[in-house]
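One structure is given below, encoded as structure tokens.
Below, read A as the first sequence line, B as the second, and so on, with proteins coming before strands; counting in each chain starts at 1.
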Amino acid sequence: MPIHHELAIAIENAVRAAQESGDLPDFDLPEVRIERPRDPEHGDYASPIAMQLARLARMAPLKIAQAIVSHLPALGELDEVYVAPPGFINIRLSTAWLQNQVAAILATADYGSFDLGKGKKAQVECVSANPTGPITLGRTRGGVMGDTLARALRAVGYDVTMEYYYNDAGRQVTMLGESVKIRYRQLLGQDVELDDDHYQGAYITDLAQDLLDAHGGTLLSQPTEFFSEFARDRISQQQKQSLRRVNIEFDVYFREQSLYENGRVWEALETLQQKGYVYEKDDAQWFRTTEFGDDKDRVLVKTTGEPTYRMPDIAYHWDKAQRGFQLVVDLFGPDHHATAPQVLMGVQALGYDTDFVHTVLHQIVSLIRDGEQVKMSTRRGNYVTLDELVDEVGADPIRYFMISRSGNSPVDFDMNLAVEHSDKNPVYYIQNAHVRCAGIFRKWQEAGFSEDAAKNADLSLLTHEKELAFLRKALELSAVLETMATTFEPHHIAFYAYDLAAAFHPTYEVCRVLSDDVLEPLRLARLQFYGAAKNLFARVLDLMGMSAPEVM
RNA sequence: GCCCCAGUAGCUCAAAGGAUAGAGCGGCGGACUUCUAAUCCGUAGGUUGGGGGUUCGAGUCCCUCCUGGGGUGCCA
């Protein structure tokens with residue numbers, strides 16, 4: 001159990017004990033919050049619970065805090081618990097227990113993990129791009145955010161499915177097929193042109209060229225569907241490969257078409273109709289979203305008889321509920337912010353509580369090169385793709401910068417900074433911490449020693465203030481994972497990784513290991529310390545889907 | 001018009017309703033014969049867009065106004 005949970009429970013128990021002994025009156029105890037104070041003077045952890053209780057107990061916060069502290073049992077983890085005005089309970093960890101975190105980190109591969117999710121079935125849906133073109137940077141951001149959340153959820157005990165909803169039917173794919181066919185005919189010398197609605201990107205011509213190379217001119221009589229299916233399957237494969245290059249892999253690719261094949265779309269529509277949420281107007285079927293607070297009703301089935309995108313989206317989320325996911329996280333880019341609530345209204349109308357669905361919105365990604373914003377236009381096929389960006393800057397900077405801001409803030413991806421090997425680039429700042437640890441062990445082994453030599457080191461020699469500060473920061477990983485799993489904000493791990501590196505580098509400067517002036521027992525203890533640090537950086541980088549290099 | 005997001009140091013951004021609002025970059029001043037300086041140490045920099053309110057306590061919650069971005073399809 002993470003230390004902040006243990007402390008919260010200890011304080012809860014102390015409050016109850018104080019109530020039983022009559023030191024505090026009876027009241028319902030609100031959630032006990034444990035914080036990490038900014039100021040080290042205020043201890044390692046603190047709780048403002050006494051101030052919250054002042055009204056309930058009708059006592060001065062200081063008195064309440066004192067009553068709680070007097071009923072707090074002696075805990076091995078703690079060195080000191082004291083009360084500070086106006087009523088904070090401040091807690092200082094014992095140095096021996098902190099030092100022992102080194103052993104704890106070395107003993108497990110999943111330091112920081114704990115069982116918050118209790119094996120609950122969770123799903124993260126992200127990217128979900130149409131198979132009509134290369135993965136764009138906006139979709140990449142959603143993918144990286146979603147994948148990072150999935151990693152955090154797994155780390156705290158959820159059974160996570162990464163899912164990609166893939167739109168393999170409808171107008172978009174038809175336009176795709178037409179686009180390829182036109183390019184194909186052009187390659188054969190025919191005088192045809194793309195419309196504005198068609199996909200203009202060069203990759204369309206590439207697909208047409210591939211068809212020409214494989215089949216010559218024999219495909220002219222094939223219907224548009226042939227070209228659609230070919231292009232759809234090809235592009236899907238390419239999308240998967242592109243995403244794999246930034247360590248994003250999906251467990252399930254959910255085909256929109258399957259919702260038509262098994263009748264779920266019409267079933268959902270009929271259910272909505274039966275429940276009275278649908279009416280006909282202007283030869284279309286309308287969904288009464290205004291009953292759920294929308295400012296106008298929305299079309300479910302067009303006058304042509306075809307459903308709008310909304311209908312399968314609702315059926316899809318209905319399916320998620322019926323598959324038994326207890327937690328669903330949907331990532332949406334700026335172009336879907338408005339439609340996300342409508343889907344939930346649909347699920348609600350179908351009779352499901354939507355509390356299990358959390359929509360995570362994110363803002364746009366802009367590319368900055370040489371200080372100038374790179375101009376892009378999706379419609380004209382003029383944009384930088386994920387593949388191009390991986391080729392140019394590598395996967396690690398992409399992973400990092402996509403989660404280096406809260407989803408609510410736009411990302412300006414600075415391509416020059418991404419590849420800059422300097423202290424301005426947080427990617428290298430973090431990875432270099434791992435490299436520096438690796439360097440110590442490399443040197444140590446070159447001198448003929450084994451890594452095991454430090455196994456029985458005396459960790460109580462790790463008394464340097466900077467070493468202890470690093471271990472305090474290490475302890476925060478659990479709370480970071482918990483925050484991510486409850487707020488669905490992936491950026492916390494990026495800031496944590498930076499903070500951890502910022503706690504590491506000063507330690508590395510001062511707490512030497514292999515220098516002649518370091519005595520043998522301390523050297524062994526520090527080898528353990530840096531072994532733990534190395535593990536922890538590898539762990540945190542892995543949680544971000546980034547590599548942990550041995551050398552740079 | 002309506003909806004969503006943002007407005008915090010010169011710039012880019014953090015900050016579960018908690019104590020004196022923090023980082024990075026940039027500025028200024030220092031430290032390399034190194035377990036890799038891809039690093040460290042020091043320093044300056046703020047009326048958290050304006051105004052009300054709730055609270056023991058507000059950058060955070062509520063109301064209102066201002067500015068910027070996105071959305072507001074029988075496209076997805």
From CA spacing to verdict: salt bridge (charged side-chain N to carboxylate O under 4.0 Å, His left out), A:Arg523, A:Asp516: CA-CA 10 Å; A:Arg523 172 173 302 156; A:Asp516 292 339; 5.1 Å; no
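- Between the base of B:C74 and the side chain of A:Thr303 there is a donor-acceptor pair shorter than 3.5 Å.
- A gap of 32 Å separates the C1' atoms of B:C66 and B:G27, to the nearest Å.
- A:Glu41 comes within contact range of no nucleotide atom at all, as no heavy-atom separation falls under 4.0 Å.
- A:Val551 comes within 4.0 angstrom of a nucleotide base, judged by non-hydrogen atoms across all strands.
- Residue A:His492 places at least one side-chain N or O under 4.0 Å from the OP1 or OP2 atom of B:A15.
- For RNA chain B, each stem of at least three Watson-Crick or G-U pairs (distances under 3.5 Å) is given as range with range: B:1-7 with B:66-72, B:10-13 with B:22-25, B:27-31 with B:39-43, B:49-53 with B:61-65.
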Would A:Arg92 and A:Asp44 count as a salt bridge (charged side-chain N to carboxylate O under 4.0 Å, His left out) if you check the C-alpha gap in whole Å, the side-chain angles of each, and the deciding distance to 0.1 Å? CA-CA 5 Å; A:Arg92 216 176 282 286; A:Asp44 296 322; 5.1 Å; no
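- In this structure, of B:C4, B:C56, B:C35, it is B:C56 that holds the atom nearest to the side chain of A:Met51.
- The distance between the ring centers of A:Tyr165 and A:Tyr316 falls below 6.0 angstrom.
- Under the 30°/60° scheme for interplanar angles, the aromatic rings of A:Tyr498 and A:Tyr429 are found to lie parallel.
- You'll find a donor-acceptor pair under 3.5 Å spanning the side chain of A:Glu31 and the base of B:A16, going by distance alone.
- At a threshold of 4.0 angstrom between heavy atoms, the contacts of A:Asp335 include nucleobase atoms, whether or not backbone atoms are also involved.
- Between the C1' atoms of B:U67 and B:G30, the separation comes to 42 Å (whole Å).
- Using a 4.0 Å heavy-atom criterion, one finds that A:Arg405 contacts the sugar-phosphate atoms exclusively.
- Where stacking is scored as ring centres under 5.5 Å apart with planes under 30°, A:Phe495 does not register as stacked on the base of B:A23.
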Working note: A:Lys320 + A:Glu163, criterion salt bridge (charged side-chain N to carboxylate O under 4.0 Å, His left out); need CA distance, chi angles, decisive distance, verdict. CA-CA 11 Å; A:Lys320 291 188 191 203; A:Glu163 192 156 318; 5.8 Å; no
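- Across all strands shown, A:Gln172 has heavy atoms under 4.0 Å from base atoms, whether or not it also approaches the sugar-phosphate.
- Among the protein residues, A:Arg310 comes within range of no part of the nucleic acid, since none of its heavy atoms lies under 4.0 Å from any strand.
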Dump the pairs, protein N or O against N or O of nucleotides 24-33 of chain B, anything under 3.5 Å, distances to one decimal.
| from | atom 1 | to | atom 2 | distance (Å) |
| --- | --- | --- | --- | --- |
| B:G26 | OP1 | A:Lys424 | NZ | 3.2 |

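- A tilted orientation is assigned to the rings of A:Phe537 and A:Phe470, their planes being inclined by 30° to 60°.
- At a threshold of 4.0 angstrom between heavy atoms, the contacts of A:Pro506 are confined to the sugar-phosphate backbone, with no base atom among them.
- Residue-level contact check: A:Glu306 touches neither bases nor backbone, having no heavy atom under 4.0 Å from any strand.
- Listed nucleotides: B:U36, B:G18, B:C75. Nearest to the side chain of A:Phe88: B:G18.
- Remark: the A:Asn90 side chain and the B:A19 base include a donor-acceptor N/O pair separated by less than 3.5 Å.
- Ring geometry for A:Tyr166 against A:Tyr164 counts as perpendicular: the plane angle is over 60°, on a 0 to 90° scale with 30° as the lower cut.
- Spacing of C1' atoms, B:G26 relative to B:G10, comes out at 8 Å, to the nearest Å.
- Across B:G24 and B:C65, the matching P atoms stand 39 Å from one another, rounded to whole Å.
- Between A:Leu514 and A:Val411, it is A:Val411 whose nearest contact on RNA chain B lies nearer the 5' terminus.
- A distance of about 32 Å separates the P atoms of B:G52 and B:A44, rounded to the whole Å.
- With centres under 5.5 Å and a plane angle under 30°, the ring of A:His42 is stacked against the base of B:A19.
- You'll find that the side chain of A:Ser406 is closest to B:A14, out of B:C74, B:C75, B:A14.
- Contacts of A:Asp294 with the nucleic acid, taken as non-hydrogen atoms under 4.0 Å apart, are absent.
- Here the separation of B:C63 from B:U54, taken at their C1' atoms, is 11 Å to the nearest Å.
- Counting distance only, with no hydrogens placed and no angle test, the side-chain atoms of A:Arg33 and the base atoms of B:G18 include a donor-acceptor pair under 3.5 Å.
- The listed nucleotides are B:C74, B:C35, B:C5; the one nearest the side chain of A:Asn408 is B:C5.
- Nucleotides B:U60 and B:C3, compared at atom C1', are 22 Å apart to the nearest Å.
- Closest approach of A:Arg310 to A:Val299, counting heavy atoms only: NH1-O, 2.8 Å.
- Residue-level contact check: A:Ala54 touches neither bases nor backbone, having no heavy atom under 4.0 Å from any strand.
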